[in-house]
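Below: one structure, written as structure tokens.
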Amino acid sequence: MKVQTLLFLAFLIVGCKNDPTPTRPEKLGAPTKAVTPAQGQDPVAVTKSFLAWYRDHMTQLNQIETIRGGIDPDGGPGEGNYHVDFKAVDQYIQLLRNSGCLSERILQRERKTFEEGEKHFVAEPANDGPPYGFEYDHFFMTQEAFEDDLADVDTIDFTVRPMGEGNTHVTFYLPLTGIRYAYHLRRIDTVWLIDNITRVDR
């Protein structure tokens, strides 16, 4: 009995030195799937996530020069007539995609505005004043400052209106700008994504 006990203890000691969970070596450079903010969130949470994300990334978005050309305000030679820099547009769209809150449909719709803008710039060349079609923020549809309304998204009052299986509307009001918005969200592969944005005060 004493010999069996010693053998049993020796087996336990040897076993504890080995990791019982096999590890799989990581492949260098292997792509990893990013967890987006929208995963596991309900429509209101996704809306709040996007508002907070947009607030925090506005400067970065505005620094991407999607529209080139125009008169140099410092008196330099300028870059000629307005035109769209589509490489910058791709960078801009990718940054928006990184929010994890927008559907591909709304992203492609936003890219379409640049394609239409380029057609207008070719048909009606200009280099002065706000570029046609880009005089306002495309996601908040205003020229007015709205950042203060987004300072604390948890204080915004949201109303949810289901629109059938996999579709819902989230409406909210920004008091400082005096604008009410409706976000149409669509459930795509169990994830709620913003599919369309409209102003409902018009």
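Positions are given from 1, in the same order as the sequence printed here.
Using modelled atom types and a 3.5 Å distance limit, the side chains of Asp90 and Gln94 yield no donor-acceptor pair. In this structure, a donor-acceptor pair under 3.5 Å is present between the side chains of Tyr92 and Glu110.
For the residue pair Gly69 and His83, the shortest heavy atom distance occurs at N-CE1, 3.9 Å. For the pair Leu193 and Gly100, the tightest heavy-atom approach, listed with the atom from each and the gap, is CD2-O, 3.5 Å. Across every non-hydrogen atom of Asp149 and Pro175, the tightest pair is OD1-CD, 3.3 Å. Heavy-atom minimum distance, Gly80 versus Asn127: O-CB, 3.5 Å.
Separation of atoms CD1 (Ile93) and CD (Glu104) is listed at 9.0 Å; rounding is to 0.5 Å. Thr47 contributes atom OG1, which lies 4.5 Å from atom CG of Leu185 (distance to the nearest 0.5 angstrom). Rounded to the nearest 0.5 Å, atoms CZ (Phe50) and CG (Leu150) are 10.0 Å apart. If you take CD1 on Ile179 and CG on Leu174, they are separated by 7.0 Å, rounding to the nearest 0.5 Å. Put simply, OG1 on Thr66 and CZ on Arg111 are 11.5 Å apart, with the number rounded to the nearest 0.5 Å. Residue Ser103 holds its OG atom at 5.0 Å from CD1 of Ile188, rounded to the nearest 0.5 Å.
Hydrophobic cluster membership is shared by Val160 and Ile156, with clusters built from Ile, Leu, Val, Met, Phe, Trp and Tyr side chains linked at under 4.5 angstrom. Under the 4.5 Å side-chain heavy-atom criterion for ILVMFWY residues, no single connected hydrophobic cluster contains both Phe158 and Tyr173. Note: the hydrophobic cluster containing Phe134 also contains Phe86 (ILVMFWY, side chain heavy atoms under 4.5 Å, direct or indirect links).
Residue pairs meeting the salt bridge (Lys or Arg N to Asp or Glu O under 4.0 Å) criterion with at least one member in residues 55-69, sequence neighbours excluded, are Glu65-Arg68, Arg68-Glu79, Arg68-Asp85. Residue pairs meeting the salt bridge (Lys or Arg N to Asp or Glu O under 4.0 Å) criterion with at least one member in residues 160-189, sequence neighbours excluded: Glu165-Arg187, Arg186-Asp195.
Using a distance-only test at 3.5 Å, with no hydrogens or angles considered, no donor-acceptor pair links the side chain of Asn81 to the main chain of Phe121. Without hydrogens or angle criteria, His138 side chain to Thr113 main chain gives no donor-acceptor distance under 3.5 Å. In this structure, the side chain of Glu118 engages the main chain of Val84 through a donor-acceptor pair within 3.5 Å. Side-chain atoms of Asp137 do not come within 3.5 Å of backbone N or O of Thr142 as any donor-acceptor pair. In this structure, the side chain of Gln143 engages the main chain of Glu135 through a donor-acceptor pair within 3.5 Å. The main-chain N or O of Met163 is never found under 3.5 Å from a side-chain atom of Asn167 such that the two would form a donor-acceptor pair.
The pair Glu115-Lys119 does not count as a salt bridge, with every side-chain nitrogen at least 4.0 angstrom from each carboxylate oxygen.
Contact of the Lys48 side chain with the Trp53 side chain is not registered, since no non-hydrogen atoms from C-beta on lie closer than 4.5 Å. In this structure, Thr168 and Tyr183 have side chains that are not in contact, with every pair of non-hydrogen atoms separated by 4.5 Å or more. Put simply, the side chain of Leu102 does not reach to within 4.5 Å of the side chain of Arg97, judged on heavy atoms. In this structure the side chain of Met141 reaches within 4.5 angstrom of the side chain of Ile197, judged on heavy atoms. By the 4.5 Å heavy-atom criterion applied to side chains, Val170 and Thr159 are not counted as neighbours.
Crowding of Glu116 atom CD: a count of heavy atoms from other residues, nucleotides or ligands under 6.0 Å exceeding 12. With a 6.0 Å radius and a threshold of 12 heavy atoms from other residues, nucleotides or ligands, Asp157 has its CG atom at or below the threshold.
Between Phe139 and Tyr54, the ring centre distance stays below 6.0 Å. Ring pair Tyr132/Tyr82: centre-to-centre distance not below 6.0 Å. If you look at Tyr181 and Phe140, their ring centroids are closer than 6.0 Å.
Thr198 meets the side chain to side chain contact (heavy atoms under 4.5 Å, CB included) test with Ala182, Asn196, Val200; sequence neighbours excluded.
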Exercise. How far apart are the C-alpha atoms of Leu95 and Gln60, what are their side-chain angles, what is the distance that settles it, and do they pass the side chain to side chain contact (heavy atoms under 4.5 Å, CB included) test?
Worked result: CA-CA 9 Å; Leu95 181 56; Gln60 189 176 354; 3.7 Å; yes

